[in-house]
Colleague: 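Have a look at this one.
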Amino acid sequence: MKREIKFSLVFRDMWQSAGKYVPRVDQLTRVAPAIVEMGCFARVETNGGGFEQVNLLFGENPNKAVREWTKPFHEAGIQTHMLDRALNGLRMSPVPADVRQLFYKVKKAQGTDITRTFCGLNDVRNIAPSIRYAKEAGMISQCSLCITHSPIHTVEYYTKMALELIELGADEICIKDMAGIGRPYSLGQIVANIKAKHPEIPIQYHSHAGPGFNVASILEVCNAGCDYIDVGMEPLSWGTGHADLLTVQAMLKDAGYKVPEINMEAYMKVRSMIQEFMDDFLGLYISPKNRLMNSLLIGPGLPGGMMGSLMSDLEKNLESINKNNIKNNKPLMSQDQLLIKLFDEVAYVWPRVGYPPLVTPFSQYVKNLALMNVMQMEKGKARWSMIADDIWDMLLGKAGRLPGALAPEIIEKAKAEGREFFTGNPQDNYPDALDKYRKMMNEKQWETGEDDEELFEYAMHPAQYEAYRSGKAKVEFLADVAKKKADLHEKNNPATPATTGTPVLPTTPQVLTVDVDGQPYRVTVAFGETANAAPTAAPAQPAAQPAAAPAPAGAGNEVLSPLEGKFFLVKNASDAPVKVGDAVKEGDVLCYVEAMKTYNAVRSEFSGTVTSINYASGDAVSEDDVLMTIQ
């Protein structure tokens with residue numbers, strides 16, 4: 001009999017490769033015993049990546065979620081692992097060193113055993129501190145090779161990177177085939193090369209199913225010496241997700257490997273609960289197309305985890321394009337037409353921005369840049385006319401070293417805008433920040449939490465954490481779920497009023513009371529065409545008055561939102577926001593619109609004085625909404 005192959009259930013990534021959200025903590029702790037009962041998993045991916053932002057988005061404390069969710073696996077002797085973005089920690093933008101170091105201490109205390117660290121640029125300099133921080137905290141440091149397919153990303157390239165990471169102290173290597181476009185034979189060669197030098201180093205293979213290579217790739221890497229295989233399970237396997245446990249087990253058993261048996265009764269329990277969670281609310285955020293395999297994904301190489309949310313984003317982008325088409329008497333575009341245009345533009349953009357591996361956040365950066373190019377060109381504007389600040393940081397080297405060279409047109413644009421390229425250590429750009437956030441929490445009379453976990457959460461996700469603490473996040477989430485359920489009911493039953501199970505949205509603003517961690521909040525929520533802004537929340541008072549209507553826009557030139565998203569005056573909680581009465585110059589950053597996981601700076605097109613600010617941070621805005629006025 002051949003070697004033993006062990007399985008890891010990537011439960012977090014199963015959900016985030018399918019849609020926007022993961023289950024609530026009460027749902028996670030319900031399904032955990034059945035996952036344990038299946039008896040076939042050595043490891044379960046419990047958290048990391050977008051998991052904690054998602055908790056905050058629907059008004060749930062992520063620290064409580066991680067502690068409760070990892071506990072059943074520890075009691076069963078199953079290791080837990082999480083996804084870590086190196087310089088970016090758990091978010092899309094770089095993180096100060098002291099916040100990164102606290103991150104590992106907190107996650108180890110909360111019950112996470114293994115940190116799977118990757119740098120979206122494969123820059124070893126960004127991963128090196130994570131190896132040290134993880135080992136100091138008592139965690140297993142698993143370091144990733146972000147697999148993509150280009151003239152630069154060869155077997156030799158990845159072998160060299162793996163050996164460097166092991167030299168730096170990595171305990172394990174992950175072959176992170178995030179788009180599933182790694183070619184099976186080449187992946188086998190990479191694994192064989194690592195095992196030839198370091199047979200003692202465990203190797204784990206992670207792949208998405210979309211382009212169709214990954215079952216063949218699993219067999220190749222196992223034949224070359226791989227130890228752990230990441231798997232998904234129905235109804236969230238295949239498509240933008242992962243190969244199904246049942247298929248992988250049957251294939252490897254036939255090949256003579258020792259693989260664990262599966263308790264099929266427990267398997268069906270878990271499968272049933274996954275469907276139940278989808279029927280509850282999670283399925284509202286999952287596109288049916290994400291269940292399909294699609295060989296078109298071989299070309300753009302976009303990762304499965306990103307494709308999960310892409311289809312949802314495209315609906316909003318398509319609406320924006322078609323509004324413009326209607327205005328200009330042009331034919332409407334279909335979603336498939338937009339998808340093909342996007343894939344073609346990704347193929348154009350990717351080599352010109354230096355072949356960054358298409359993994360978070362750089363897959364989003366390349367996709368967002370391509371999508372912005374498509375949208376701007378559809379509206380008669382120039383390619384490259386809208387580049388977010390975070391994307392500029394990638395292009396300028398502030399996030400790490402790009403694998404390839406930038407196109408001359410990008411270099412010329414950077415020079416024309418007075419931007420400087422950076423060649424030093426990326427971490428040097430982001431000074432320590434914990435003392436600043438500790439001071440801010442003291443001023444707000446917020447506890448820093450057990451093991452400083454609340455301090456960590458605030459420093460890692462300041463805007464989302466404030467929205468969670470205010471109650472605004474939960475209100476927005478509940479309103480969005482209600483609207484999606486009502487829309488779905490209307491679509492399926494156009495002539496039938498919605499039942500109490502799928503609430504009909506009121507046409508006038510409603511005052512609601514929402515409980516957030518024991519604190520009641522009275523909130524005013526507006527729905528449909530009457531909603532100028534997102535819900536607002538304030539602590540409940542015995543005789544609270546309805547929220548006042550937004551102040552009318554001031555006199556002067558209008559500053560319009562360039563796209564749909566969420567309005568923020570600043571990117572970081574400690575930055576000074578623009579205020580009414582401030583003098584601004586042409587080119588100054590006034591605010592940001594957060595969309596598709598990036599903050600897009602809105603710059604002033606004229607000099608003058610700010611006469612009105614029409615939205616609060618975190619409010620939803622549509623394209624062409626008047627954000628401010630300047631006279």
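Worth knowing before you read on, the calculation uses all heavy atoms, side chains too, and leaves out hydrogens, waters and symmetry mates. Keep in mind that what you see is a predicted model, and the values were worked out from it rather than measured.
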Colleague: Quick check against the 3.5 Å criterion: does Trp15 have a side-chain atom that pairs as donor or acceptor with the backbone of Pro23?
Modeller: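 Between the backbone of Pro23 and the side chain of Trp15 there is no qualifying donor-acceptor contact (under 3.5 Å).
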
Colleague: Going by atom types alone, do Asn55 and Tyr468 pair a side-chain donor with an acceptor below 3.5 Å?
Modeller: no

Colleague: Has Ser622 got a side-chain atom pairing as donor or acceptor with Asp625's backbone, closer than 3.5 angstrom?
Modeller: no

Colleague: When you look at Gln376 and Lys379, which way does the side chain to side chain donor-acceptor pair (under 3.5 Å) test go after all the steps?
Modeller: CA-CA 5 Å; Gln376 296 299 306; Lys379 296 174 183 179; over 6 Å; no

Colleague: For the side chain of Asp624 and the backbone of Leu560, is there at least one donor-acceptor N/O pair under 3.5 Å apart?
Modeller: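 The answer is no, because no donor-acceptor pair under 3.5 Å joins these two groups.
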
Colleague: Look at the rings of Tyr285 and Tyr21 and say which category their plane angle falls in: under 30° parallel, 30 to 60° tilted, over 60° perpendicular.
Modeller: perpendicular

Colleague: So Glu457 and Leu56, do their side chains get closer than 4.5 Å, heavy atoms only?
Modeller: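 Counting from C-beta outward, Leu56 and Glu457 do come under 4.5 Å.
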
Colleague: Is it true that His81 and Asn47 share a donor-acceptor pair across their side chains at a distance under 3.5 Å?
Modeller: no

Colleague: Are Arg24 and Glu60 close enough for a salt bridge, meaning some N to O gap below 4.0 Å?
Modeller: no

Colleague: Could you go through the side chain to side chain contact (heavy atoms under 4.5 Å, CB included) check for Leu9 and Leu245 one step at a time?
Modeller: CA-CA 8 Å; Leu9 180 67; Leu245 166 67; over 6 Å; no

Colleague: Assess the residue pair Phe41 and Phe7 against the criterion (ring-ring contact (aromatic ring centres under 6.0 Å, His included)); give the C-alpha distance rounded to whole Å, side-chain angles, the decisive distance to 0.1 Å, and a yes or no.
Modeller: CA-CA 5 Å; Phe41 297 118; Phe7 296 141; 7.3 Å; no

Colleague: State, yes or no, whether a side-chain contact exists between Phe456 and Glu52 at a heavy-atom distance under 4.5 Å.
Modeller: yes

Colleague: Is Gln27 close to Asp280 at the side-chain level, that is, under 4.5 Å between some pair of heavy atoms?
Modeller: yes

Colleague: Run the salt bridge (Lys or Arg N to Asp or Glu O under 4.0 Å) check on Arg116 and Asp230 step by step: do they pass?
Modeller: CA-CA 12 Å; Arg116 175 178 291 175; Asp230 283 358; 2.8 Å; yes

Colleague: Apply salt bridge (Lys or Arg N to Asp or Glu O under 4.0 Å) to Glu276 and Lys269, showing your working.
Modeller: CA-CA 10 Å; Glu276 178 190 328; Lys269 282 185 193 175; over 6 Å; no

Colleague: Backbone N or O of Gly180 within a donor-acceptor pair of the Asp177 side chain at under 3.5 Å?
Modeller: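 Judged by distance alone, yes, a pair lies under 3.5 Å.
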
Colleague: Atom CD1 of Ile35 and atom CZ of Phe73: how far apart are they, to the nearest 0.5 Å?
Modeller: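 Those atoms lie 4.5 Å apart.
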
Colleague: What residue among Lys491, Lys484, Lys483, Lys485 forms salt bridge (charged side-chain N to carboxylate O under 4.0 Å, His left out) with Asp487?
Modeller: Lys483

Colleague: Could you give the distance from CD1 (Ile321) to CE (Met333), rounded to the nearest 0.5 Å?
Modeller: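 Result: 5.0 Å between the selected atoms.
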
Colleague: Please test Glu345 against Lys341 for salt bridge (Lys or Arg N to Asp or Glu O under 4.0 Å), starting from the C-alpha separation and ending with a verdict.
Modeller: CA-CA 6 Å; Glu345 188 64 15; Lys341 281 180 179 286; over 6 Å; no

Colleague: Could you go through Val593 and Tyr615, starting from their C-alpha distance and side-chain angles, then the distance that decides it, and tell me whether this counts as side chain to side chain contact (heavy atoms under 4.5 Å, CB included)?
Modeller: CA-CA 11 Å; Val593 176; Tyr615 292 90; over 6 Å; no

Colleague: Measure up the Phe477 and Phe58 rings against each other and bin them: parallel (under 30°), tilted (30 to 60°), perpendicular (over 60°).
Modeller: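 Phe477 vs Phe58 ring planes: tilted.
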
Colleague: Strictly below 4.0 Å, N to O, side chains only: are Arg67 and Glu453 in salt-bridge contact?
Modeller: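 Answer for the salt bridge query: yes.
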
Colleague: If you measure from CG on Asp113 to OG1 on Thr80, what distance do you get to the nearest 0.5 Å?
Modeller: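 It is 4.0 Å, given to the nearest 0.5 Å.
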
Colleague: Please give me the minimum heavy-atom distance between Gly182 and Ile147, naming the atom from each residue.
Modeller: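 That would be CA-CG2, 3.8 Å.
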
Colleague: Answer yes or no: is there a side-chain heavy-atom contact under 4.5 Å between Arg43 and Gln204?
Modeller: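 Yes, their side chains come closer than 4.5 Å.
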
Colleague: Check step by step if side chain to side chain donor-acceptor pair (under 3.5 Å) holds for His242 and Asp13.
Modeller: CA-CA 9 Å; His242 316 81; Asp13 200 21; 2.9 Å; yes

Colleague: Output, in order, the C-alpha distance, side-chain angles, deciding distance and verdict of ring-ring contact (aromatic ring centres under 6.0 Å, His included) for Phe11 and Trp69.
Modeller: CA-CA 11 Å; Phe11 199 82; Trp69 171 221; 5.4 Å; yes

Colleague: Would you find a donor on one side and an acceptor on the other, under 3.5 Å apart, between the side chain of Asn88 and the backbone of Val95?
Modeller: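 Here the side-chain-to-backbone pair does not exist.
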
Colleague: Evaluate the side-chain proximity of Gln16 to Val22: yes if any heavy-atom separation is below 4.5 Å, no if none is.
Modeller: yes

Colleague: Rounded at 0.5 Å granularity, tell me how far CG in Leu83 sits from CD1 in Ile114.
Modeller: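 The CD1 atom of Ile114 is 12.5 Å from CG of Leu83, to the nearest 0.5 Å.
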
Colleague: Quick check: do Cys40 and Gln249 have side-chain heavy atoms less than 4.5 Å from each other?
Modeller: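 Side chain of Cys40 against side chain of Gln249, heavy atoms only: no contact under 4.5 Å found.
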
Colleague: Do the two ring centres, one from Trp446 and one from Tyr465, sit under 6.0 Å apart?
Modeller: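 Under 6.0 Å, so yes.
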
Colleague: Looking only at non-hydrogen atoms, find the nearest pair between Phe281 and Val481 and report the distance.
Modeller: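 Closest pair (atom of Phe281, atom of Val481, distance): CB-CG1, 4.2 Å.
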
Colleague: Does one side chain, of Asp390 or Gln364, offer a donor that lies under 3.5 Å from an acceptor on the other?
Modeller: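 Checked: Asp390/Gln364 side chains show no N/O donor-acceptor pair below 3.5 Å.
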
Colleague: Return the minimal non-hydrogen interatomic distance between Tyr599 and Ala463, and the atom names on each side.
Modeller: OH-CB, 3.8 Å

Colleague: I'd like to know if the side chain of Asn214 and the backbone of Ile218 have a donor-acceptor N/O pair within less than 3.5 Å.
Modeller: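 Side chain of Asn214 to backbone of Ile218, a donor-acceptor pair under 3.5 Å: no, none is there.
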
Colleague: Do Cys591 and Leu627 come close enough that some side-chain heavy atom pair is under 4.5 Å?
Modeller: yes

Colleague: About how many Å separate CG of Leu57 and NZ of Lys20, when rounded to the nearest 0.5 Å?
Modeller: 6.5 Å

Colleague: Would Asp619 and Lys472 pass as an ion pair if we require N to O under 4.0 Å?
Modeller: yes

Colleague: Please report the closest heavy-atom contact between Val626 and Asn614, naming both atoms and the distance.
Modeller: O-ND2, 3.0 Å

Colleague: Is the closest basic N to carboxylate O distance between Glu594 and Lys566 below 4.0 Å?
Modeller: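 Salt bridge: no.
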
Colleague: Roughly how far, to the nearest 0.5 Å, is CE of Met394 from CD1 of Ile387?
Modeller: 9.0 Å

Colleague: Are the side chain of Gln464 and the backbone of Tyr458 linked by a donor-acceptor contact shorter than 3.5 Å?
Modeller: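 Answer holds: no.
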
Colleague: Does any N or O in the side chain of Asp389 come within less than 3.5 Å of the main-chain N or O of Ala601, such that one atom is a donor and the other an acceptor?
Modeller: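 No: the side chain of Asp389 does not pair with the backbone of Ala601.
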
Colleague: Is there side-chain contact between Pro356 and Val366, with heavy atoms separated by less than 4.5 Å?
Modeller: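 Yes. Closest side-chain heavy atoms under 4.5 Å.
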
Colleague: Between the side chains of Ser207 and Tyr205, is a donor N or O closer than 3.5 angstrom to an acceptor N or O?
Modeller: yes

Colleague: Does the side chain of Thr117 pick up a donor-acceptor pair with the side chain of Asp84 at under 3.5 Å?
Modeller: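 Yes - a donor-acceptor pair under 3.5 Å links their side chains.
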
Colleague: Short question: side chain of Ser272, backbone of Met268 - any donor-acceptor pair under 3.5 Å?
Modeller: no

Colleague: Side chain of Ser17, backbone of Met14: donor and acceptor closer than 3.5 Å?
Modeller: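 No; judged by distance alone, with no hydrogens or angles, the pair does not exist.
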
Colleague: Write down the atom of Gly232, the atom of Ser237, and the distance for their closest heavy-atom approach.
Modeller: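 Smallest interatomic distance, heavy atoms only, reads C-CB, 4.2 Å.
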
Colleague: Any idea which heavy atoms bring Ala266 and Ala34 closest together, and the distance?
Modeller: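 Scanning both residues completely, I find the closest heavy atoms to be CB-O, 3.7 Å.
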
Colleague: For side chain to side chain donor-acceptor pair (under 3.5 Å), just list the numbers for Glu454 and Asn61, CA-CA rounded to whole Å, side-chain angles, deciding distance to a tenth of an Å, and then say yes or no.
Modeller: CA-CA 9 Å; Glu454 298 300 319; Asn61 188 314; 3.0 Å; yes

